[in-house]
There are 2 protein chains.
Amino acid sequence: MSDKKEMLLPNLSVQQLEYLLAAASNKTRAAAAQQLGVTPSALTQGLTELERRVGLTLFERKGRSTVLRPQAKEVLEYARRVVAETKDLTYWAQAQREGTSGQIRFGAIDAIAVHHRASEIREFHESFPNVDLRLTVAPSGPLLEALLEGSLDLVACVEPEVVSEDLISEVFLEEPLLIYAPKEKTTKANQNWGPWVSFPQGSHTRRIIASALAALGVSYEVTAESNQPEVLAEMVRLGLGWTVLPPAQANTGIDPLIPIKKKPLTKRRLVLIRRSSAPLDPAMQTLVNYLKKIEP
Amino acid sequence: MSDKKEMLLPNLSVQQLEYLLAAASNKTRAAAAQQLGVTPSALTQGLTELERRVGLTLFERKGRSTVLRPQAKEVLEYARRVVAETKDLTYWAQAQREGTSGQIRFGAIDAIAVHHRASEIREFHESFPNVDLRLTVAPSGPLLEALLEGSLDLVACVEPEVVSEDLISEVFLEEPLLIYAPKEKTTKANQNWGPWVSFPQGSHTRRIIASALAALGVSYEVTAESNQPEVLAEMVRLGLGWTVLPPAQANTGIDPLIPIKKKPLTKRRLVLIRRSSAPLDPAMQTLVNYLKKIEP
DNA sequence: GTTTATTATTAAGAAATGCTAAATATAAGG
DNA sequence: CCTTATATTTAGCATTTCTTAATAATAAAC
């Protein structure tokens, strides 16, 4: 019975501190034990062990009951503080579990954050003011990197060609991609399509567009690039080239673009992605339901 | 695996919180386990149990190590606070054990506090400034009552006739009691002693005096009473009667009394008394040594 | 006084908790 | 593919902590 390794800190437990508080606030130990729902024997043994670990005698007999020694005052105050903080922690953890509180680092591409799910995100934010929602808007590639690296918890982006084993992906929206041309060329024949302005190399959407055009045998020479769809639309208006965009992003501004055909060239699939190693956060699950427009 | 009685508070332990802090401040769990002096397996199991009790997942895998989830921040801060407070408590308890700190509620009769041990009490107080020494000066009877009742820890008084089983008594000083008479009667014969002024009924010293005089066949008619020896001495000076006092209390003032004989009438024994149920407080033991003039 | 009722502690066995050591994943680097 | 480093799981053992039952101590009642 001595210090085993390096008796740095005594291994007190919250339960022992509760025993102490109950013994301090009840006249008899029998009453305290009943309040705690244990036998008086358990209380005695627990308090004896607490005294041994603190290294001080805290009680002395007075008549047929035990009373706190004056020295115990400090220990009692310590116990009160720790128990109070533990209670706070418990409430907080409960809120976390129920999803009424928590933190979500959410990354989304602009089309989702600004157009398709803007109102759902706002609604979620208003319904759960205690959820600390942090929104990052960026292209799909960087979002996925941040997700893998651990600096994001949930990403809404264009479906990647391959998805890492660590990630769980789920399609929640499909979006048509239409062809837009400068005004004077709107009615021209297929063989004269282009040149093109589009998203930069590495963009998921550009990969999808390139693949669709290749399937039609159309060359895809890109002469100007931007990650901002508004910029691409403006380039088309200026006659710099053709582009392919979701209508939601081509129709913005005072001079919306008109597609050369109503039929989409192709479509892109938008997905929700999260790390499979991260357990299901209830708050995040609620946000996912909002984004999928499933409301309980 | 459900709430057994009334899952009020999770039974977290200081050790589990130390595990958490070690895991948070080391890159790998292997390193954290080594720092704690346990096997990585113990660390894993301990942290798993901690997560279960808090009810939240705190870690997630990142590559081949585990990292804290953002949610764990609050739990981590809780752990830091509790561990820090526990450290403080440990230091305080150590000081208590070593007697360099603590509280002593000390009761003494005036002769001891003012005359015989005044310098020792002052010296102790100066040597151990962190010991909270509370001095109560009162007659022996009330001091013993307060000791039994628990509002004093140590009493220095006149030896009582019978001492309760709950108390431990120890003689540490013997004090002669001399007879003092008004000046004109100093040389008179024994048969004309008195009348007397003395301590009130119930006083330990008065009981001793009465007993000694009775043994000599001298009547002991008390015509005036006071608990204050200075008052008794003054009464003698005023010719109100004879008295019996320890010389230390008769020699005070500008006009010290002269005993009728150098030989003491009797003597009173002064004792140190403490509750037997109260364990030996190191600080109190040190004070007792000072009072017994045993200095290590 | 003696008895009775209440409270606290101790003893003994059962359940739980927590550890080590060994075996089994999992990930990174040749 | 193999090796190394890390983390977890499993199994067995030791410790801790509980309950029940017996004992001790005390106050109150008779």
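A quick note: this is a predicted structure, and the numbers were derived from the prediction, not measured. In what follows, chains are A, B, ... by sequence order, proteins preceding strands, each numbered from 1.
- Tested against B/Val288, the residues B/Ile294, B/Leu272, B/Asp281, B/Ile104 include a single side chain to side chain contact (heavy atoms under 4.5 Å, CB included) partner, B/Leu272.
- Side-chain contact, B/Glu98 with B/Gln94: a donor N or O sits under 3.5 Å from an acceptor N or O.
- Between the C1' atom of D/dA7 and the NZ atom of B/Lys27 lies a distance of 18 Å, rounded to the nearest Å.
- Here A/Tyr19 reaches the OP1 or OP2 of D/dC18: one of its side-chain N or O atoms lies under 4.0 Å away.
- As a whole-Å value, the separation of B/Asn11 CG from D/dC18 C1' is 13 Å.
- Distance CD (A/Gln34) to C1' (C/dT7): 13 Å, rounded to an integer number of Å.
- Residue A/Thr66 is classed as a sugar-phosphate contact, given heavy-atom separations below 4.0 Å to backbone atoms only.
- Base contact: B/Thr39 has a heavy atom under 4.0 Å from a base atom.
- The CG-P distance, from B/Leu36 to C/dT20, rounds to 11 Å in whole Å.
- Contact annotation: A/Gln45 side-chain N/O to C/dA11 OP1/OP2 distance is not under 4.0 Å.
- Within the 4.0 Å cut-off from OP1 or OP2 of C/dT6, not a single side-chain nitrogen or oxygen of A/Arg29 is found.
- Rounded to an integer number of Å, the gap from B/Arg64 CZ to D/dT4 P is 12 Å.
- Distance B/Glu60 CD to D/dA7 P: 15 Å, rounded to the nearest Å.
- Among C/dA8, D/dT17, D/dT9, the nucleotide with an atom closest to any side-chain atom of A/Arg53 is D/dT17.
- Within 4.0 Å of A/Ala42, counting heavy atoms only, lies at least one base atom of the nucleic acid.
- For the pair A/Leu12 CG and D/dT17 C1', the interatomic distance rounds to 16 Å; values are reported in whole Å.
- For the pair A/Arg29 and A/Phe59, the cation-pi test (distance below 6.0 Å, angle within 45°) is passed.
- In terms of polar N and O atoms assigned as donor or acceptor, the side chain of B/Ser41 comes within less than 3.5 Å of the base of C/dA21 in a complementary pairing.
- The base of D/dT9 lies outside donor-acceptor range of the side chain of B/Thr44, with no N or O pair under 3.5 Å.
- Here the C1' atom of nucleotide D/dT8 and the NZ atom of B/Lys62 are 20 Å apart, to the nearest Å.
- More than 12 heavy atoms of other residues, nucleotides or ligands lie within 6.0 Å of CD in A/Glu85, so this atom counts as buried by the packing criterion.
- In this structure, the side chain of B/Glu51 does not engage the main chain of B/Gly46 through any donor-acceptor pair within 3.5 Å.
- Nearest to the side chain of A/Ser65, among D/dT20, C/dA8, D/dT10, sits C/dA8.
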